Amino acid sequence: INAIHHECSTALREAITTEAQALLDLLNDGGYVIYVRHTETDHTQTDTALENCDTQRNLNERGLHEAEMIGAAFEILNWPVSKLISTEYCRNLQTTELAFGEPDEVILRADLISTLETLLSTIPEAGTNVIIVGHLGELTEATGLNVPFEEGDALIFTPLGADGYELTARIPIGLWPLLAEIAAG
């Protein structure tokens with residue numbers, strides 16, 4: 001049984017590594033929009049006012065750690081990014097800053113719904129990617145997509161200009177360290 005388990009584990013790891021390398025090659029070349037959901041939040045908190053973080057649902061300790069983990073992986077991955085966008089919610093700004101750096105643009109959550117399809121279909125500057133740190137609800141409402149998308153996950157979109165966009169891949173939160181490990185060689 002141990003030999004079978006080892007053989008299956010090795011085969012699974014090789015398959016994941018092969019797919020991850022293909023994803024790395026795509027993102028290193030640029031041309032994609034990466035939509036990241038904020039990392040884990042404290043669900044005992046509710047959003048009552050956006051004036052300060054004390055009246056919002058914020059990242060919990062695990063969420064802070066997850067954002068830092070994505071940041072450590074992203075530093076190794078070194079994907080070219082021409083634009084970094086976040087909504088105004090503290091959980092998204094914290095995720096953005098810890099994982100990717102200061103946002104180039106802060107967009108109102110309500111405006112994200114009306115502009116998301118345009119953002120996803122707009123081809124980034126040559127050789128670069130665009131990162132958007134947002135919410136599940138806006139993604140679902142704007143695109144109609146119903147895919148697994150947990151806190152800290154990323155969806156990779158291929159912008160097609162006037163023809164819209166195509167969902168290309170999903171990066172579950174637990175895959176960030178493996179991507180960094182593969183990129184490091």
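Throughout, numbering of the chain's residues begins at 1 and tracks the sequence. A quick note: this is a predicted structure, and the numbers were derived from the prediction, not measured.
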Discussion item. Under a 4.0 Å threshold between the charged nitrogen and the carboxylate oxygen, would Lys83 count as salt-bridged to Glu105?
Written reply: yes
Worksheet item: Which ILVMFWY residues are connected to Leu155, directly or by a chain of links, through side-chain heavy atoms under 4.5 Å apart?
Response: Val33, Tyr35, Ile85, Ile107, Leu112, Leu116, Leu119, Leu120, Val130, Ile132, Leu136, Leu139, Leu145, Val147, Phe149, Phe157, Tyr165, Leu167
Worksheet, complete the sentence: CG (Asn129) and CG (Leu27) are apart, to the nearest 0.5 Å, by 5.5 Å
Item to complete: Verify side-chain contact (heavy atoms from CB on, under 4.5 Å) between Val36 and Ile131, making sure each step is shown before the conclusion.
Response: CA-CA 7 Å; Val36 181; Ile131 297 177; 4.2 Å; yes
Item to complete: Indicate the ring-plane relationship of Phe74 and Trp79, choosing parallel, tilted or perpendicular according to the 30° and 60° boundaries.
Response: perpendicular
Discussion item. Quick check for you: to the nearest 0.5 Å, what is the distance between Glu66 atom CD and Thr41 atom OG1?
Written reply: 9.5 Å
Worksheet item: About how many Å separate CZ of Arg91 and SG of Cys53, when rounded to the nearest 0.5 Å?
Response: 10.0 Å
Worksheet item: Are Tyr89 and His135 an aromatic pair by the rule of ring centers under 6.0 Å?
Response: yes
Practice prompt. Would you give the length of the straight line joining atom CD of Glu150 to atom CD1 of Ile173, rounded to the nearest 0.5 angstrom?
Written response: 10.0 Å
Response to the item:
Heavy-atom nearest pair, Gly164 first then Ser121, reads O-CB, 3.0 Å
Discussion item. Donor-acceptor check, side chain of Thr48 to backbone of Thr55, threshold 3.5 angstrom: yes or no?
Written reply: yes
Practice prompt. Please report the shortest heavy-atom distance between Gly134 and Thr87, naming the atom on each side.
Written response: CA-CG2, 4.4 Å
Response to the item:
Note: Pro159 and Pro124 closest approach over all heavy atoms is CG-CD, 3.8 Å
Discussion item. Does atom CG (Asp25) have a neighbourhood of more than 12 heavy atoms from anything else shown, all under 6.0 Å?
Written reply: yes
Worksheet, complete the sentence: When rounded to the nearest 0.5 Å, the distance separating OG1 of Thr158 from CG of Leu26 is 7.5 Å
Discussion item. If hydrophobic residues (ILVMFWY) are linked whenever their side-chain heavy atoms come closer than 4.5 Å, directly or via other members, who joins Leu98 in its cluster?
Written reply: Leu59, Leu64
Discussion item. Between the side chains of Asp42 and Arg57, is the shortest nitrogen-to-carboxylate-oxygen separation below 4.0 Å, so that they form an ion pair?
Written reply: no
Discussion item. Let me check something: do Ile156 and Leu77 share a hydrophobic cluster, defined by ILVMFWY side-chain heavy atoms less than 4.5 Å apart, either directly or through other members?
Written reply: yes
Practice prompt. Would you kindly confirm whether Val81 and Leu179 end up in one hydrophobic cluster when ILVMFWY residues are joined by side chain heavy atoms under 4.5 Å apart?
Written response: yes
Discussion item. Can you tell me which residue among Glu138, Glu88, Glu141 is in a salt bridge (Lys or Arg N to Asp or Glu O under 4.0 Å) with Arg109?
Written reply: Glu138
Discussion item. I want to check something: taking the side chain as every heavy atom from C-beta on, are Phe100 and Val133 in contact at a cut-off of under 4.5 Å?
Written reply: yes
Discussion item. Show the nearest heavy-atom pair for residues Glu125 and Thr128, with the distance to one decimal.
Written reply: O-OG1, 2.7 Å
Worksheet item: Hey, is CD on Glu75 packed in by over 12 heavy atoms from elsewhere, all under 6.0 Å?
Response: no
Worksheet entry | Interatomic spacing from OG1 in Thr122 to CG in Leu160 - rounded to 0.5 Å | 11.0 Å
Worksheet item: Is there a side-chain contact (heavy atoms from CB on, under 4.5 Å) between Ile182 and Leu24 once you walk through the steps?
Response: CA-CA 9 Å; Ile182 293 167; Leu24 289 174; 3.6 Å; yes
Response to the item:
When every non-hydrogen atom of Pro103 is compared with those of Glu97, the smallest separation belongs to CD-CG, 4.2 Å
Worksheet item: Just by distance, with hydrogens left out, do Gln56 and Asp47 show a side-chain donor and acceptor under 3.5 Å apart?
Response: no
Fill in: Side-chain heavy atoms of Glu151 within contact of Thr39, under 4.5 Å
no
Worksheet item: So, the side chain of Gln45 versus the backbone of Asn58: is there a donor-acceptor pair under 3.5 Å, distance only?
Response: yes
Fill in: Criterion side-chain hydrogen bond (donor to acceptor under 3.5 Å, both in side chains) on Asn92 and Ser86, from CA distance to verdict
CA-CA 6 Å; Asn92 286 18; Ser86 173; 4.9 Å; no
Worksheet, complete the sentence: Ala183 and Ile76 have their tightest heavy-atom pair at CB-CG2, 4.4 Å
Worksheet item: Do the non-hydrogen side-chain atoms of Thr96 and Leu84 ever get within less than 4.5 Å of each other?
Response: yes
